[in-house]
Trainee: 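I am attaching a structure below and will ask some questions about it afterwards.
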Amino acid sequence: MSFLTLESLTASYGVSQALFGVDLTIDEGQVVAMMGRNGMGKSTTVRAICRMIPSDGGLTFAGGDLHRMPSHKVARLGVGLVPEGRRCFTTLTVRENLIAAARPGDWTFRTVTQLFPRLGEREGQRAASLSGGEQQMLAIGRALMTNPRLLILDEATEGLAPIVRQEIWAALQVLKSQTGVAILLIDKSLKELAAVSDKAVILERGQTVWSGAMAELSSDVSETYVGV
């Protein structure tokens with residue numbers, strides 16, 4: 001049985017339907033890339049998984065029906081989100097941001113700052129004083145401190161300097177190779193996604209149009225639906 005399963009998932013913002021049938025599966029420890037052009041439903045799918053918007057269709061995680069749960073219970077079940085736009089607590093320090101959502105497990109302040117040493121160097125600084133890249137590391141670290149079973153990263157490298165992007169992709173490689181956490185990645189960098197992802201799912205106009213092993217993704221399909 002898949003760890004996370006979406007079957008014919010639909011969702012709307014009021015009277016405007018945004019998802020028309022998303023199918024997606026993630027197994028334990030698997031890294032899956034969700035791809036597609038802007039406005040095709042990727043972030044909406046994330047919001048549906050995290051129960052931030054109502055949805056219909058199949059939506060299960062670790063054998064439980066997520067439709068029956070509010071968003072805070074989904075988080076407690078083990079879904080950690082790194083949202084688009086970082087959304088750190090800007091008035092809190094780095095340490096305070098990290099411990100605010102901490103739950104027992106392998107990920108602690110020490111292990112997060114080993115993954116991202118810059119956060120340890122700046123533990124007493126307020127998040128507002130960090131660079132954009134450091135804030136993104138903080139957002140990832142905060143999600144890890146919940147000790148998730150599934151980590152969702154929504155455009156985690158968008159708008160960052162190349163050297164910072166490299167640090168984040170290197171950290172994702174560590175997560176894949178040294179932990180058992182499942183990861184759902186949304187990003188536009190096909191080269192980096194291909195290096196870390198086991199599988200890809202492509203959305204077009206709110207529905208799944210292609211899914212399969214990352215190695216099977218052809219240039220024709222990527223050019224048609226992703227634009228690269």
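Keep in mind that what you see is a predicted model, and the values were worked out from it rather than measured.
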Trainee: Going from CG on L119 to CD on Q125, what distance comes out if it is rounded to the nearest 0.5 angstrom?
Mentor: 10.5 Å
Trainee: So, taking the atom named CG in N97 and the one named SG in C88, what distance separates them when rounded to the nearest 0.5 Å?
Mentor: 5.5 Å
Trainee: Can you check whether R103's main-chain N or O pairs, donor with acceptor, with N147's side chain at less than 3.5 Å?
Mentor: yes
Trainee: Does M214 share a hydrophobic cluster with W169, counting links as ILVMFWY side-chain heavy atoms below 4.5 Å and allowing steps through other members?
Mentor: yes
Trainee: So if you build clusters from Ile, Leu, Val, Met, Phe, Trp, Tyr with side-chain heavy-atom gaps below 4.5 Å, do M52 and L59 land together?
Mentor: yes
Trainee: Any heavy-atom pair between the side chains of L217 and M35 that's under 4.5 Å?
Mentor: yes
Trainee: Please report the closest heavy-atom contact between T44 and A18, naming both atoms and the distance.
Mentor: CG2-CB, 4.0 Å
Trainee: Going from CG on L98 to OG1 on T113, what distance comes out if it is rounded to the nearest 0.5 angstrom?
Mentor: 8.0 Å
Trainee: Locate the shortest heavy-atom distance separating I168 from A156; write the atom from each residue and the value.
Mentor: CD1-O, 3.9 Å
Trainee: I need the K42 NZ to D154 CG distance, nearest 0.5 Å.
Mentor: 8.0 Å
Trainee: What I'd like to find out is whether the side chain of V79 reaches to under 4.5 Å of the side chain of L77, using heavy atoms alone.
Mentor: no
Trainee: Looking at E155 and K188, does any basic side-chain N land under 4.0 Å from a carboxylate oxygen?
Mentor: yes
Trainee: Would you mind reporting whether L4 and I49 have side-chain heavy atoms less than 4.5 Å apart?
Mentor: yes
Trainee: Above 12 or not: heavy atoms from other molecules or residues under 6.0 Å from CG of D65?
Mentor: yes
Trainee: Establish whether L92 and L144 are linked, either directly or via other cluster members, by ILVMFWY side-chain heavy-atom contacts under 4.5 Å.
Mentor: no
Trainee: Using a 3.5 Å distance criterion without hydrogens, assess whether the side chain of Q17 forms a donor-acceptor pair with backbone atoms of L19.
Mentor: yes
Trainee: Less than 6.0 angstrom from the centroid, inside 45 degrees of the normal: does R142 satisfy that with respect to the ring of F89?
Mentor: yes
Trainee: Is the terminal nitrogen or CZ of R95 (NZ for Lys, CZ for Arg) located under 6.0 angstrom from the six-membered ring centre of F109 and within 45° of that ring's axis?
Mentor: yes
Trainee: Supply the atom-to-atom distance T90 OG1 to Q135 CD, rounded to the nearest 0.5 angstrom.
Mentor: 8.0 Å
Trainee: Side chains of S189 and R165: do they bring a donor and an acceptor to under 3.5 Å?
Mentor: yes
Trainee: Check this for me, if you would: do D198 and K176 make a salt bridge, where the nitrogen-to-carboxylate-oxygen distance has to be below 4.0 angstrom?
Mentor: yes
Trainee: Roughly how far, to the nearest 0.5 Å, is the CD1 atom of I186 from the CD atom of E84?
Mentor: 8.0 Å
Trainee: Using only atom types and a distance under 3.5 Å, with no angle test, would you say the side chain of T111 pairs donor to acceptor with the backbone of D106?
Mentor: yes
Trainee: Do I53 and I152 sit in the same hydrophobic cluster, where Ile, Leu, Val, Met, Phe, Trp and Tyr count as joined when their side-chain heavy atoms come under 4.5 Å apart?
Mentor: no
Trainee: So, R51 versus S55: side-chain donor-acceptor pair below 3.5 Å or not?
Mentor: yes
Trainee: Give the minimum heavy-atom separation between C50 and L81, together with the two atoms involved.
Mentor: SG-CD2, 4.1 Å
Trainee: What's the shortest heavy-atom distance between S197 and V32, and which atoms?
Mentor: OG-C, 4.5 Å
Trainee: Of all the heavy-atom pairs spanning G141 and V112, show the shortest one and how long it is.
Mentor: CA-CG1, 3.7 Å
Trainee: Please give me the minimum heavy-atom distance between L203 and M34, naming the atom from each residue.
Mentor: CD1-SD, 3.9 Å
